[in-house]
Number of protein chains: 2
Amino acid sequence: MQKQNFLTKNQQIVLDLVEKSSQPLKAYSILFNVQKKGLKAPLQVYRALDKLVEIGKIHKIESRNAFVACKNSNCVVSNATAFSICESCEKVTEINNSKLSKYLSNFEDNSGMKYSKYNLEFFGLCKKCKNK
Amino acid sequence: MQKQNFLTKNQQIVLDLVEKSSQPLKAYSILFNVQKKGLKAPLQVYRALDKLVEIGKIHKIESRNAFVACKNSNCVVSNATAFSICESCEKVTEINNSKLSKYLSNFEDNSGMKYSKYNLEFFGLCKKCKNK
DNA sequence: TAATTTATTGTTATATTATAACAATGTGTA
DNA sequence: TACACATTGTTATAATATAACAATAAATTA
Ligand SMILES: [Zn+2]
Ligand SMILES: [Zn+2]
Ligand SMILES: [Zn+2]
Ligand SMILES: [Zn+2]
């Protein structure tokens, strides 16, 4: 059996929901919203989320325990992610900046470690919230 | 009453434990280990952790829900943090690289957002695990 | 096609992480 | 002392995530 290169029903249902949302969704909020589609248990959602993260269709915002759809066509896997997070309205945006990603992907320190992946989260106030 | 600029008993107990550990500790593992010192409830630990993070004495490894003592004397607050994480042995090291921190602290994109804080987590294999 | 293998699903239960609410206590200030 | 307010202790509960295992579906190969 070859490696799955399409989405299963549950994965598609979860992805559709996350993609429709303009903001990160929490796992149990996803669960609540897909119950009418037949996903009744947390594990069904978490398994779909795991796979979707793995293939880069969605990303996890670690500091928020929430999930957003990838808006960056380059993200075939979730191995180089950067986000901006407004600490007031919680708006989250995926940063798509080639200089930044190049800088971080090539980053080396003297630890002898080879980094294959990173996740960066910036925090601050978005334009809207700054002007309040 | 002026703002507290010293550690309370509970905060000191938790900090001592986290500083003694060479690796990140989970909140409930901390709880278990400080019970003999009188901290019996999760909240007592979480409150101490919150304050210690706020003043930069410890940092939270978001992807692991774990806490490490700060090894970087510059970290008066936890507002510019970077870590390397071995995905095999889970060893975590705080990265202290002034070029990197300068680059990230000055990072701007076209979103109009002013970033006051960031957290970066690199993943890979440490020297030891790479050579296995 | 039938048998085999493997991935995915469904389901129940439970583990892990974190916070709400509120009374009690301590500490600095007027 | 009286007041304000930060910190603590305590119980309960919310929120996030995984273990275990039986059932089903899909791909492979005999
Ligand atoms: Zn992406
Ligand atoms: Zn905002
Ligand atoms: Zn630090
Ligand atoms: Zn390692």
Side-chain angles (χ1 to χ4, degrees), chain A residues 1-18 21 23-55 57-68 78 87 90 92 119 121, chain B residues 1-18 21 23-55 57-68 78 87 90 92 119 121:
Chain A
M1 187 188 252
Q2 72 187 54
K3 210 168 173 183
Q4 172 196 316
N5 63 350
F6 56 87
L7 298 182
T8 65
K9 183 170 133 276
N10 288 359
Q11 291 160 11
Q12 191 65 58
I13 289 169
V14 170
L15 179 58
D16 287 347
L17 185 71
V18 177
S21 170
Q23 287 311 297
L25 295 179
K26 305 269 211 160
Y28 276 71
S29 140
I30 293 170
L31 175 59
F32 178 80
N33 280 285
V34 297
Q35 275 177 337
K36 44 182 170 293
K37 306 248 180 184
L39 284 81
K40 287 181 285 193
L43 250 198
Q44 297 177 288
V45 170
Y46 277 106
R47 288 202 274 232
L49 289 171
D50 284 351
K51 176 62 81 169
L52 292 168
V53 166
E54 185 190 325
I55 64 180
K57 289 286 187 182
I58 67 174
H59 303 301
K60 182 173 185 182
I61 309 300
E62 292 287 356
S63 65
R64 299 298 186 261
N65 296 320
F67 300 85
V68 279
S78 296
E87 293 188 293
E90 293 293 322
V92 169
N119 178 55
E121 297 180 3
Chain B
M1 189 188 252
Q2 73 190 54
K3 208 167 175 186
Q4 174 196 314
N5 62 350
F6 55 88
L7 297 182
T8 66
K9 182 169 131 276
N10 289 359
Q11 291 161 11
Q12 191 64 57
I13 289 169
V14 169
L15 179 58
D16 287 347
L17 185 71
V18 177
S21 169
Q23 287 310 298
L25 294 178
K26 305 270 214 161
Y28 276 72
S29 139
I30 293 170
L31 175 59
F32 178 81
N33 279 285
V34 296
Q35 276 178 338
K36 45 183 169 292
K37 306 247 180 183
L39 284 82
K40 285 181 286 193
L43 251 197
Q44 297 177 290
V45 169
Y46 278 106
R47 288 201 276 231
L49 288 171
D50 284 351
K51 176 62 81 171
L52 292 168
V53 166
E54 186 189 324
I55 64 179
K57 289 286 189 183
I58 66 175
H59 302 301
K60 182 174 186 181
I61 309 300
E62 292 287 356
S63 65
R64 299 299 186 260
N65 297 319
F67 300 85
V68 280
S78 296
E87 291 187 295
E90 294 292 323
V92 170
N119 179 55
E121 296 180 4

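Letters go in sequence order (proteins before strands), and every chain restarts at 1. Computation of the quantities below employed the complete heavy-atom set of this structure, encompassing side-chain atoms and omitting hydrogens, waters and symmetry-equivalent molecules.
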Quiz prompt | Per-nucleotide protein contact string for nucleotides 10-15 of chain C, where B marks a base within reach and S marks sugar-phosphate only (heavy atoms under 4.0 Å, - for neither) | solution = BBB---
Exercise. Answer yes if the side chains of B/N33 and B/Q35 hold a donor-acceptor pair under 3.5 Å, and no otherwise.
Key: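 No, because no side-chain N or O of B/N33 sits under 3.5 Å from a partner of the opposite role on B/Q35.
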So does [X] get a side-chain nitrogen or oxygen closer than 4.0 Å to the phosphate oxygens (OP1/OP2) of [N]?
{"X": "B/K60", "N": "C/dT17", "result": "no"}
{"X": "A/N65", "N": "C/dT17", "result": "no"}
{"X": "A/T8", "N": "C/dA7", "result": "no"}

Quiz item: Does the side chain of A/R47 reach to within under 4.5 Å of the side chain of A/N10, using non-hydrogen atoms?
Solution: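 Not touching, per the 4.5 Å side-chain cut-off.
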Between [atom2] of [N] and [atom1] of [X], the distance in whole Å:
{"X": "B/R64", "N": "C/dT16", "atom1": "CZ", "atom2": "P", "result": "17 Å"}
{"X": "B/I13", "N": "D/dT7", "atom1": "CD1", "atom2": "P", "result": "16 Å"}
{"X": "B/L31", "N": "C/dT19", "atom1": "CG", "atom2": "C1'", "result": "15 Å"}
{"X": "A/Y46", "N": "C/dT16", "atom1": "OH", "atom2": "P", "result": "15 Å"}
{"X": "A/I30", "N": "D/dA15", "atom1": "CD1", "atom2": "P", "result": "15 Å"}
{"X": "A/Q12", "N": "C/dT9", "atom1": "CD", "atom2": "C1'", "result": "17 Å"}
{"X": "A/L49", "N": "C/dT9", "atom1": "CG", "atom2": "P", "result": "13 Å"}
{"X": "A/E54", "N": "C/dA7", "atom1": "CD", "atom2": "P", "result": "12 Å"}

Heavy-atom pair of closest approach, residues [X] and [Y]:
{"X": "A/L39", "Y": "A/L31", "result": "O-CD1, 3.6 Å"}
{"X": "B/F67", "Y": "B/V18", "result": "O-CG1, 3.9 Å"}
{"X": "A/K26", "Y": "A/R64", "result": "NZ-O, 3.1 Å"}
{"X": "A/V14", "Y": "A/L49", "result": "CG1-CD2, 3.7 Å"}
{"X": "A/Q11", "Y": "A/L52", "result": "O-CD1, 3.6 Å"}
{"X": "B/N119", "Y": "B/E62", "result": "ND2-CG, 3.9 Å"}

Quiz prompt | Rounded (10°) bend between the five-pair end axes of the helix from C/dT1-D/dA30 to C/dA30-D/dT1 | solution = 30°
Practice problem: Among A/I30, A/I13, A/L17, find the one that has a side-chain contact (heavy atoms from CB on, under 4.5 Å) with A/V45. | Solution: A/I30
